[in-house]
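When a residue number appears, it is its place in the shown sequence, counting from 1. Here the structure is a predicted model, which means the values were calculated and not measured.
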Amino acid sequence: MDNFQGILRFLMNQKTTIGYSFMALLTIGGERIFSMVSFQCPCNHDQNFAYGVTFLLGPAAVLLIFGIFSSTRFWRLYTGCCLNPMKLCPRGNCFGCLRVFMSIFTGACVAPLMWLCVALLNGTFYECAVSGLDDNLVVDLFCKNKTLKCREELARVPCDRSKLSSEERMELLLMFRAQSQILGWCIIIIGAFVGLLGTCYKNCRSQVSYLQLKFWKSYVDKEKERFDALALEYATKLAERNLQSFFENKAPDPFPFPNHKAWEEISAYYTFSRSEQYYSTLQRYVEKAENMNLPPEKRPVMDVEDGIEMN
């Protein structure tokens with residue numbers, strides 16, 4: 001039993017890494033399905049580029065939209081902005097708002113970048129796209145030291161209908177694939193380097209120690225877990241009370257629950273302040289009710305994402 005709990009604890013501590021690994025496996029599987037089942041390069045100058053780029057960038061765009069759509073932080077910031085535009089930029093602090101949106105956008109870019117890297121390393125979509133380019137400089141690069149037929153048959157190289165010799169066709173395919181894989185590795189290296197620099201910068205600017213940051217992350221994870229469980233439990237009790245009152249045709253029993261202002265308080269997205277130590281908006285609400293009348297931009301609270309302090 002202790003061994004099982006140790007394994008479970010290890011998996012919980014590594015859930016971010018496991019999640020990204022699972023996302024990578026899904027991306028690889030999805031790319032293989034697209035390549036083998038639905039992708040068929042038209043092999044003509046008029047359609048190759050548009051068709052290849054659509055398969056290369058289309059799923060990435062869908063994954064980006066889905067990543068933003070499924071972001072709790074995005075909806076936490078955006079909900080109610082039509083009624084209260086100042087919620088986005090309290091005190092006109094557009095830079096802080098832009099920084100939060102950039103953080104949300106960066107997190108949503110993980111899946112699209114995975115798709116691009118996997119698709120480029122495979123090379124199928126890139127081969128179809130570049131073979132349809134009509135630019136003279138590109139064609140001269142591909143058909144350098146080759147016959148005039150190379151220019152005419154370049155768009156048919158990804159297919160078996162090319163009139164080029166098997167050696168010329170294979171040489172062009174290897175060139176396309178090498179370029180695609182180099183581009184894919186460049187995206188991987190740049191993404192890893194930018195991620196490392198960003199993480200180092202955030203941790204360097206952290207106003208709390210590493211151990212407190214670790215405790216903070218553990219608290220936020222546990223609070224989210226317990227909030228979901230208690231919210232489901234209280235929603236069930238409220239539904240049972242209302243149904244019982246309806247079917248028994250009697251006045252409902254008293255049932256205290258938070259008002260709209262309380263929900264607004266704990267749903268707000270705030271930054272860290274060293275003057276007051278809170279680990280979430282919920283903790284601030286339950287511990288400092290005397291500040292309830294302060295405007296939102298003056299309420300010092302902090303938030304954490306992936307164990308890194310968010311400013």
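Atom CZ of R156 is separated from atom NE2 of H45 by 7.0 Å, given to the nearest 0.5 angstrom. One distance of note links CD of Q244 with CG of N242; it measures 10.0 Å at 0.5 Å rounding. Distance check, rounded to the nearest 0.5 Å: CH2 of W216 to CG of D221 gives 12.5 Å. With rounding to the nearest 0.5 Å, the separation of CZ in R205 from CG in N203 is 12.0 Å. Atoms CG and CZ, on L154 and R169 in that order, are 12.0 Å from each other to the nearest 0.5 Å. Considering CG of L230 and CD of E225, their distance stands at 10.5 Å, rounded to 0.5 Å.
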Can you list, pair by pair, the side-chain donor-acceptor contacts under 3.5 Å of residues 55-72, counting residues two or more places apart and other chains?
| from | atom 1 | to | atom 2 | distance (Å) |
| --- | --- | --- | --- | --- |
| S70 | OG | F66 | O | 2.8 |
| S70 | OG | G67 | O | 3.3 |
| S71 | OG | F74 | N | 3.2 |

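No single ILVMFWY cluster, assembled from side-chain heavy atoms under 4.5 Å apart, contains both M114 and V194. When the side chains of ILVMFWY residues are joined at heavy-atom separations under 4.5 Å, either directly or via intervening members, L183 and L173 end up in a single hydrophobic cluster. Note on Y234 and F257: same hydrophobic cluster, where clusters join Ile, Leu, Val, Met, Phe, Trp and Tyr whose side-chain heavy atoms are under 4.5 Å apart, directly or indirectly. The hydrophobic cluster containing I188 does not contain L116, counting ILVMFWY residues as joined when their side-chain heavy atoms lie under 4.5 angstrom apart, directly or transitively. Residues L174 and F176 are members of separate hydrophobic clusters, defined by side-chain heavy-atom contacts under 4.5 angstrom among Ile, Leu, Val, Met, Phe, Trp and Tyr.
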Fill in: Test log, rule side-chain contact (heavy atoms from CB on, under 4.5 Å), inputs K237 and E233
CA-CA 6 Å; K237 290 180 179 179; E233 179 182 343; 3.3 Å; yes
(request) Applying salt bridge (charged side-chain N to carboxylate O under 4.0 Å, His left out), run through D228 and K224 and close with a yes or a no. (result) CA-CA 6 Å; D228 291 341; K224 289 179 180 178; over 6 Å; no
task = Given disulfide bond (SG atoms under 2.5 Å apart), test C41 with C128 step by step and report yes or no.
result = CA-CA 6 Å; C41 187; C128 182; 2.1 Å; yes
Trace of the salt bridge (charged side-chain N to carboxylate O under 4.0 Å, His left out) decision for K261 with E265: CA-CA 6 Å; K261 188 175 182 180; E265 286 290 324; 5.9 Å; no
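Minimum interatomic distance between Y51 and S38 (heavy atoms only, all atoms of both residues): OH-O, 3.6 Å. Residues S103 and K202 approach most closely at OG-NZ, 4.3 Å, considering heavy atoms. Closest approach of F39 to G52, counting heavy atoms only: CE1-CA, 4.5 Å. Here the shortest heavy-atom pairing between T281 and R76 reads OG1-NH2, 3.1 Å.
Side-chain contact between E264 and H260: absent, with no pair of heavy atoms (C-beta onward) separated by less than 4.5 Å. Proximity of F193 to L197: side-chain heavy atoms (C-beta onward) are separated by under 4.5 Å at one or more points. The closest side-chain heavy-atom distance from W185 to I182 is not below 4.5 Å. Put simply, the side chain of E223 does not reach to within 4.5 Å of the side chain of Y279, judged on heavy atoms. Side-chain contact between L213 and S206: present, with at least one pair of heavy atoms (C-beta onward) separated by less than 4.5 Å.
With S218 contributing its side chain and K214 its backbone, the two residues share a donor-acceptor pair below 3.5 Å. Between the S245 side chain and the R241 main chain, no donor and acceptor come within less than 3.5 Å of each other. N48 places a side-chain N or O within 3.5 Å of a backbone atom of C43 that can act as its donor or acceptor partner. In this structure, T106 contributes its side chain and M102 its backbone to a donor-acceptor pair below 3.5 Å.
Within 6.0 Å of atom CZ in F101, more than 12 heavy atoms from other residues, nucleotides or ligands are found, so the atom counts as buried in its surroundings. With a 6.0 Å radius and a threshold of 12 heavy atoms from other residues, nucleotides or ligands, F255 has its CZ atom above the threshold. Heavy atoms from other residues, nucleotides or ligands lying under 6.0 Å from CD of E248 number more than 12.
Judged as a salt bridge (charged side-chain N to carboxylate O under 4.0 Å, His left out), and not counting sequence neighbours, E240 has no contacts.
Residue pairs meeting the side-chain hydrogen bond (donor to acceptor under 3.5 Å, both in side chains) criterion with at least one member in residues 118-130, sequence neighbours excluded: E31-N122, R32-N122, S35-N122, N122-T124, Y126-Q179, E127-R177.
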